Amino acid sequence: MVLSRHVDPEEVVSHLQGARTSNNKTKLSHLTPYDTPYASQVEIPKYRLPDDGAPADTVYAMIRDELDLDGRPNLNLASFVNTYVDDNSQKIMAENVAKNLADNDEYPAMLAMSQRCVSILANLWRVNKGENAIGSPTVGSSEAIHLGGLAMKRRWQERRWAEGKDAYKPNILMGSNAQVALEKFARYFDVEARILPVSAKSNFCLDPDLVRQNIDENTIGVFAILGSTYTGHYEPVEEVSRILDEFQNMTGIDIPIHVDAASGGFVAPFTHAGAGQRWNFELPRVKSINTSGHKFGLSCAGVGWIIWRDESYLPQHLIFKLHYLGGTEESYTLNFSRPGAQVIVQYYNLIHLGFSGYREIMENCLVNARLLSNSLEATKWYTCVSAIHRCTEAAPAGVAQKVKNTVESTVSGGGKEQQQQDGNGETSAAYVAGLPVVSFRLTDEFKREFAHIKQETVSLLLRARGWIIPNYALPPGEDGTEILRVVVRESMSFDLLDRLVTDIVQVTEKLIDNDEVDLSILHKQRKEPAAKTDSGKKAQGGVAKDAEQRALNVGKNASRMAEGIHRSVC
């Protein structure tokens, strides 16, 4: 949520309408919003409270029309937030939209579902037997991160006071790839943020060697991110834990880890690849974990979760006992009143999908992300900074060749059979662990040959076709490199993937063929003829295979693109 500044309505109206003023009045009775003076003659104030109000359906039409200017959520590939809500979830939302999560005594069933979600997540993240895990729903991961950081700060202060030492200079470590919520915690709660530079060597994530060099007696904890928003890489939580173990053995100082699993908390537990190493409560040094239910948890925007492995890690001084509306509740949140329907939808998803359902969805997302990654690299125009399509060193022999064959094969014959076999038998276990995120950039060779093409323009032209794909710099220290990023969510179908690859290829072709890059190129787009397909014979993966093959053909002819010879990509 960005800060909003006051707008002077008189200045806006004067700018838009000049000296014209409208004193027209109209009656509230009408047939439709568009056959009355409201359609063209009567101004409805937007920055001040209207004197008389306006008819409900007129205001509805006005708001609906303005919202049509928004991007389409399903084509918003920039966002990690879930944009698909099934019919039952929508009904649950509508039926419970008026329930306040703070009114626990009034809505005991909703409270019980919230408590069950905490237990489900604690078990999913491998809390140990005998530990009394405790947690809370939050508005999102931002609030959850603040709560986790505040608990670490207070535990550090209490230990320092008990030792007779000052507690005035706390610090916390994080990588420069950290989402802004982590930095906000440090600034808002007066903690020095030691933001460690990232590099290609550390996969643009937290570098364990730099953690070793920057911890001291004033370090309240380390933020480790399970799923970088830049490239989808998981940070090496277990490696950082070993370094903190060594530090404690030498100094006696116990430094905890809070895992920001905003996205990965609902991905790593379900995929065959896991997180590549331990990251959850299996590591004793991990004291708290947060996640976003409205991301890969598949709930609606407005719900996050934080879990402490044991209630002893949540200082009692931070917990408020509230006697409110006839009941008593314990509260540790930054908000009080907040929507409860999203929590109910979260519980619905957990029970409806179960472990196998979430696994199928997350594995499907990774399959699509790998297809997109391989297709982009097959063009020879793009290279991926993300790594979920790359085979691990421990992958069975022949997997790399199998992947290459899949990309290079045609839809017909053996290629079709290969695709079906891979879809049924291959899992993420053979690949680098990470989020279903595809971060890619123009290759160095491409940029040398077509120096006039700016990567930002690719994002702009894709936006003109409806796709929202951001182009932005890597974290500070590596910000000389820009990436385009696609988040592959549940709603990314094979058909949509085919269209995306085609549009990326077409946009890149257009940029190659136009030395002067300006907005006039938007008027020169060719319409692609509809592809002829035999639905009775084409395998489910055939559409995506077509896209990959087209991308591969482009790559084989990349050197000829400058002469405008190759035209059959679409």
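Bear in mind that the values here come from a model prediction, so they are computed numbers and not experimental data.
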Point to revise | Side-chain heavy-atom pair I469, R485 within 4.5 angstrom cut-off | key: no
Exercise for review: Give a yes-or-no answer on whether the side chains of N349 and D86 include a donor-acceptor pair shorter than 3.5 Å.
Suggested key: no
Check your understanding: Under 3.5 Å, is there a donor-acceptor pair between the Y60 and D65 side chains?
Key -> no
Check your understanding: What orientation do Y230 and Y472 show, parallel under 30°, tilted 30 to 60°, or perpendicular over 60°?
Key -> tilted
Check your understanding: Looking at side-chain heavy atoms only, is the closest gap between L350 and Y358 below 4.5 Å?
Key -> yes
Check your understanding: Can any side-chain N or O of E143 pair as donor or acceptor with the backbone N or O of V139 at less than 3.5 Å?
Key -> yes
Point to revise | Interatomic spacing from CD in E490 to CD in E360 - rounded to 0.5 Å | key: 10.0 Å
Review point. Are any of the side-chain heavy atoms of K46 and E66 separated by less than 4.5 Å?
Key: yes
Point to revise | L318/L150 under side chain to side chain contact (heavy atoms under 4.5 Å, CB included): CA gap, chis, key distance, verdict | key: CA-CA 9 Å; L318 297 177; L150 187 56; 4.3 Å; yes
Exercise for review: Indicate the atoms forming the closest heavy-atom contact of F296 with V488, along with that distance.
Suggested key: CE2-O, 3.8 Å
Practice item. State the CD1-CD1 distance between I172 and I220, to the nearest 0.5 angstrom. Key: 4.0 Å
Review point. Will you find, in the side chains of S288 and H258, an N or O donor that is under 3.5 Å from an N or O acceptor?
Key: yes
**Study point:** Stepwise ring pair (Phe, Tyr, Trp, His ring centres under 6.0 Å) check, W308 with Y332
**Key:** CA-CA 12 Å; W308 287 267; Y332 177 47; 5.6 Å; yes
Exercise for review: Measure the CG-CD distance between N280 and E238 for me, rounded to the nearest 0.5 Å.
Suggested key: 10.0 Å
Revision key, fill the gap. Shortest non-hydrogen pair, R309 vs N128, comes out as NH2-ND2, 3.0 Å
Point to revise | Any side-chain donor near an acceptor of the partner, N471 and E456, under 3.5 Å | key: no
Review point. Ring centroid separation for W305 and F266, is it under 6.0 angstrom?
Key: no
**Study point:** Qualifying salt bridge (Lys or Arg N to Asp or Glu O under 4.0 Å) pairs, either residue in residues 158-179, two or more places apart
**Key:** R160-D166, R160-E217, E163-K165
Review point. Side chain of E282, backbone of R126: donor and acceptor closer than 3.5 Å?
Key: no
Check your understanding: Quick one: are L206 and F223 in side-chain contact, heavy atoms under 4.5 Å?
Key -> no
Review point. With ring centroids as reference points, do F355 and F270 lie under 6.0 angstrom apart?
Key: yes
Review point. Donor-acceptor pair, S202 side chain versus C205 backbone, under 3.5 Å?
Key: yes
**Study point:** Student check: side-chain heavy atoms of T138 and V303 closer than 4.5 Å
**Key:** no
Check your understanding: For the side chain of Q179 and the backbone of A181, is there at least one donor-acceptor N/O pair under 3.5 Å apart?
Key -> yes
Review point. Could you give the distance from CD1 (I361) to OH (Y84), rounded to the nearest 0.5 Å?
Key: 9.0 Å
Study note, to complete from the structure: Shortest non-hydrogen pair, A433 vs G274, comes out as CB-O, 3.6 Å
Review point. Can a salt bridge be assigned to the pair D254 and R285 using a cut-off of 4.0 Å between side-chain N and carboxylate O?
Key: yes
Practice item. Check whether any side-chain heavy atom of Q248 sits under 4.5 Å from a side-chain heavy atom of I255, and report yes or no. Key: no
Exercise for review: Scan side-chain atoms only and decide if E235 and N203 contain a donor-acceptor pair under the 3.5 Å cut-off.
Suggested key: no
Practice item. Give a yes or no on whether the backbone of Q342 and the side-chain of S299 come within a donor-acceptor separation of less than 3.5 Å. Key: yes
Practice item. Look only at the side chain of R116 and the backbone of S114, and say whether a donor-acceptor pair between them is shorter than 3.5 Å. Key: no
Check your understanding: Is a side-chain N or O of E131 found less than 3.5 angstrom from the main chain of D310, in a donor-acceptor match?
Key -> no
Review point. Is there a donor-acceptor contact under 3.5 Å from the side chain of S428 to the main chain of E363?
Key: no
Practice item. Decide yes or no for F320 and E330: does some side-chain heavy atom of the first lie under 4.5 Å from some side-chain heavy atom of the second? Key: no
Check your understanding: Hey, which of C117, C300, S89 is the one that makes side-chain contact (heavy atoms from CB on, under 4.5 Å) with Q346?
Key -> C117
Review point. What distance separates M174 CE from N214 CG, expressed to the nearest 0.5 Å?
Key: 12.0 Å
Point to revise | Donor-acceptor contact present, side-chain S292 to main-chain K295, <3.5 Å | key: no
Review point. Do the charged groups of E192 and R194 touch, with an N to O distance under 4.0 Å?
Key: yes
Check your understanding: Does the side chain of D70 reach to within under 4.5 Å of the side chain of D68, using non-hydrogen atoms?
Key -> no
Point to revise | Crowding at CZ, R64 (>12 non-hydrogen neighbours, <6.0 Å) | key: yes
Check your understanding: Atom CD of E482 and atom OG of S439: how far apart are they, to the nearest 0.5 Å?
Key -> 13.0 Å
Review point. Okay, side chain of R489, backbone of N76: is any donor-acceptor separation there less than 3.5 Å?
Key: yes
